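The structure appears right after this line, and notes come after that.
None of the values given here were measured: they were computed from a predicted structure. Order of the sequence lines fixes the chain letters, A, B, ..., with proteins taken first and strands second; residue numbering starts at 1 for each chain.
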Amino acid sequence: MGNFLWNLVESDLASGKHKGVVTRFPPEPNGYLHIGHAKAIYINFGIAKEFGGRCHLRFDDTNPVKEEQEYIDSIQRDVRWLGYDWGQHLYYASDYFEQLYTWAEHLISTGKAYIDDQSADDIRNNRGTLTAPGKNSPFRDRSAEENLDLFRRMRKGEFPNGTRVLRAKIDMASGNINLRDPVIYRILHAHHPRTGDAWCIYPNYDFAHGQSDSIEHVTHSLCSLEFEDHKPLYEWLLANMPVPSFPKQTEFARLNITYTILSKRHLTQFVRDKHVRGWDDPRMPTIAGLRRRGVPPEALLDFVKRAGVSRANAVVEIAMFDAAVREYLNKSASRYMAVLRPLKVVIENYPEGAGEELEAVNNPEDPAAGSRKVPFSRELYIEQDDFMENPPKKFFRLSPGMEVRLRYAYFITCREAVKDAAGNVIELRCTYDPATKGGNAPDGRKVKATMHWVSAAHAVPAEVRLYNPLFLRPDPGADGDPVKDLNPDSLEIIEGKLEPALKDAKVGETVQFERLGYFCRDTDSGLIFNRTVGLRDAYAKAQ
RNA sequence: UGGGGAAUCGUCCAACGGUAGGACAGCGGACUCUGACUCCGCUAAUCUAGGUUCGAAUCCUAGUUCCCCAGCCA
């Protein structure tokens, strides 16, 4: 596999350190999953799959004030959509609250934890700084009996929020601030989405995570780099309590992408402040947003794989994501013709009232996809971009006197550009060569351009949503608030003209609009398409 | 010397003492009923300075730069 995590698991298995591999994906249900989580999912579920082990889905639901059932549901939906299955192994940290509580009492009884009555401010002030050691709490040497009594009364709900905490007694002078008597339980009179009002004290991340891993006999606890400093605490807790197993934490760098924000805090803000239309807005880097945009799960996973796994802080170019999406869709998406910015074309020598159906290939990359009929008639729409009255030398498309091919149809020649009073071209008068039916000239003459088109009489109107990057700069938020870097033109809504077959497109189906890009039928009612990603365009780039 | 990490083409990842390779991006060309796709070619990197070695991206020493940590968040 070529990355350090796969190598680690492989060697742990080869050395006999573990008989099988058990990983876990442990999201907090406080928001929707995004593409950064897709990396963690790929790593944890991917390793389990690769080495014949299993991966648990565990909700790290230790902070009831931020967590909601909606997020629990969306997370399961998104993991499944990515193609992974946790089988029977769906867990919640809250499942272990009773066990965790018992272990906390054990820590207290062995003199390794104490109840601190200091205020949050005092705790902070006495923690010291990055360079100066902290000071012991005046409550640090309470007896085990007193601590136990206080802890039990905390559980009973005798004290209001913030009045006391349980802290592990480790070392207030440690260079690692996480070891300066970390808080492990706090009073939170809050309703929990799963345990309801059963508890008013909750363990925090540090006191829940490693023990949960241990309970589940996780062998490899894989997390992102910012938890590196927590590892000594993770191990201290396991070493000082009667836990059933000793999982090993290993960290990897999280995913960063240019022109993208992957911070739950900011994504939540964009939704809350309506900078986007919701968690599943196609401009969002959420799994739900990407799905709605038309990104196939295979492409998303392929991107994550291509971006690689290491311990170096890195920022992957969004171009790599686009490339993965195009590569997958090129092979799988059916082709159709759609005109986004219509310009009317009248074929003067095509009989009025006449019409015919022409054969069009559904997917040149996949012969099994077959073909379909596309209606042709005297009046058509072509793309405004495909005509220039005064073309520069490298412009191969339509211009007065120029002959081009209409895909699957005929060669046409532009005879005249009709303008309105303001001088805008509003219609093209053209002629066609009946001998070129199907798109080839019997005399062997060539054209330099093949253009897409739709028959005006048969065209189906549709709303097309064009998405551009949500941010104007590759490093949004680098100067502070990413809201200031939001792209005001991230969504452009136009009305396009589609070939009739497209009205039967399935919701969620991603197709190619030839020469334009990949588009996905939206979940909103009506005929609406989201642009997933544009095609590469060497001509546009050269301009 | 507060603690902990990381530095390889423009970007991301490999190479684990023995020819620095791949992907994306870029450039050039071929092909083409999508200026797409495909194919071919090119450009382009070991943070710095010493040292060990027949041989160093890899080992050692000293620096430099960047990232993380001072929530009763995760």
Side-chain angles (χ1 to χ4, degrees), chain A residues 2-3 7 26-28 30 60-63 65-66 116 118-120 123-125 127-134 161-167 173-180 182-188 201-202 204-206 208-209 223-232 251 253 255 258 264-265 303 305-324 326-327 330-331 335 337 360-361 364-365 394-397 405-409 411 438-440 446-452 474 512-517 534-542:
Chain A
N3 74 59
N7 295 344
E28 182 188 16
N30 65 344
D60 229 327
D61 55 349
T62 57
N63 186 1
V65 307
K66 287 188 173 179
D116 196 343
Q118 291 184 105
S119 68
I123 288 179
R124 186 182 329 111
N125 292 333
R127 188 155 24 227
T129 67
L130 294 180
T131 53
N161 288 359
T163 50
R164 281 174 235 267
V165 291
L166 180 68
R167 301 180 73 177
S174 173
N176 182 344
I177 291 175
N178 293 296
L179 262 21
R180 317 239 265 231
V183 170
I184 53 179
Y185 259 93
R186 73 281 213 202
I187 300 171
L188 240 33
I201 58 171
Y202 292 91
N204 69 353
Y205 165 84
D206 288 301
H209 204 96
C223 62
S224 44
L225 246 27
E226 67 267 29
F227 292 104
E228 250 174 326
D229 294 339
H230 292 248
K231 188 171 177 170
E251 313 83 13
L255 181 63
T258 57
K264 247 191 228 173
R265 180 181 132 236
F303 162 68
K305 204 174 302 183
R306 290 188 199 198
V309 181
S310 75
R311 288 175 65 85
N313 292 308
V315 185
V316 179
E317 289 176 346
I318 189 69
M320 200 185 286
F321 174 79
D322 292 343
R326 287 194 195 102
E327 184 176 306
N330 175 52
K331 295 193 194 86
R335 271 62 167 173
M337 291 198 287
V361 172
E365 302 286 324
K394 288 291 196 183
F395 186 83
F396 302 147
R397 284 108 94 149
R405 172 168 39 232
L406 292 180
R407 190 151 164 82
Y408 302 123
F411 284 13
N440 288 300
K446 302 287 184 193
V447 287
K448 295 187 99 169
T450 298
M451 296 168 17
H452 62 281
Q512 184 188 105
F513 289 179
E514 293 213 43
R515 300 208 306 138
L516 296 172
L535 255 24
R536 289 188 59 189
D537 188 345
Y539 175 73
K541 198 183 306 176

Touch class at under 4.0 angstrom, heavy-atom based, for [X] against every strand present:
{"X": "Ala319(A)", "answer": "sugar-phosphate"}
{"X": "Ser174(A)", "answer": "nothing"}
{"X": "Tyr202(A)", "answer": "nothing"}
{"X": "Lys331(A)", "answer": "nothing"}
{"X": "Val309(A)", "answer": "sugar-phosphate"}
{"X": "Asn204(A)", "answer": "sugar-phosphate"}
{"X": "Gln118(A)", "answer": "base"}
{"X": "Glu251(A)", "answer": "nothing"}
{"X": "Arg407(A)", "answer": "base"}
{"X": "Val447(A)", "answer": "nothing"}

Give the nucleotide from the list [options] with an atom nearest to the side chain of [X].
{"X": "Glu514(A)", "options": "rG71(B), rU34(B), rA36(B)", "answer": "rU34(B)"}
{"X": "Glu28(A)", "options": "rG71(B), rG26(B), rC73(B)", "answer": "rC73(B)"}
{"X": "Leu130(A)", "options": "rG35(B), rA74(B), rC69(B)", "answer": "rC69(B)"}
{"X": "Val165(A)", "options": "rC72(B), rU34(B), rG35(B)", "answer": "rC72(B)"}
{"X": "Phe396(A)", "options": "rG35(B), rC37(B), rC12(B)", "answer": "rG35(B)"}
{"X": "Ile177(A)", "options": "rA74(B), rC69(B), rU34(B)", "answer": "rC69(B)"}
{"X": "Glu365(A)", "options": "rA70(B), rC37(B), rU34(B)", "answer": "rC37(B)"}
{"X": "Asp537(A)", "options": "rG71(B), rA7(B), rG35(B)", "answer": "rG35(B)"}
{"X": "Glu228(A)", "options": "rG4(B), rA25(B), rU34(B)", "answer": "rG4(B)"}
{"X": "Arg306(A)", "options": "rA70(B), rU11(B), rA23(B)", "answer": "rA23(B)"}

Whole-Å distance between [N] [atom2] and [X] [atom1]?
{"X": "Arg311(A)", "N": "rC12(B)", "atom1": "CZ", "atom2": "P", "result": "17 Å"}
{"X": "Arg536(A)", "N": "rC27(B)", "atom1": "CZ", "atom2": "C1'", "result": "11 Å"}
{"X": "Tyr185(A)", "N": "rC72(B)", "atom1": "OH", "atom2": "C1'", "result": "14 Å"}
{"X": "Arg167(A)", "N": "rG71(B)", "atom1": "CZ", "atom2": "C1'", "result": "12 Å"}
{"X": "Asn176(A)", "N": "rG5(B)", "atom1": "CG", "atom2": "C1'", "result": "12 Å"}
{"X": "His209(A)", "N": "rC73(B)", "atom1": "NE2", "atom2": "P", "result": "17 Å"}
{"X": "Phe513(A)", "N": "rU34(B)", "atom1": "CZ", "atom2": "C1'", "result": "14 Å"}

At under 4.0 Å, does any side-chain N or O of [X] touch on OP1 or OP2 of [N]?
{"X": "Arg186(A)", "N": "rC73(B)", "result": "yes"}
{"X": "Arg180(A)", "N": "rA70(B)", "result": "no"}
{"X": "Arg164(A)", "N": "rC72(B)", "result": "no"}

For rG26(B), glycosidic torsion class - syn if within 90° of 0, otherwise anti: anti
Residue pair Gly128(A)/Val316(A) against RNA chain B: nearer the 5' end by closest nucleotide is Val316(A)
Identity of whatever pairs with rC39(B) - Watson-Crick or G-U, under 3.5 angstrom: rG29(B)
Nearest-angstrom distance, P atom, rA15(B) to rA74(B): 36 Å
Using the ring of each side chain (for Trp, its six-membered ring), is His230(A) parallel, tilted or perpendicular to Phe227(A), with breaks at 30° and 60°? perpendicular
Lys/Arg N to Asp/Glu carboxylate O, Glu28(A) vs Lys66(A), below 4.0 Å: no
Taking atom types as modelled, is there a side-chain donor on Arg407(A) or His452(A) under 3.5 Å from an acceptor on the other? no
Can a cation-pi geometry be assigned to Arg164(A) and Tyr185(A), taking NZ or CZ under 6.0 Å from the six-membered ring centre and within 45° of the ring axis? no
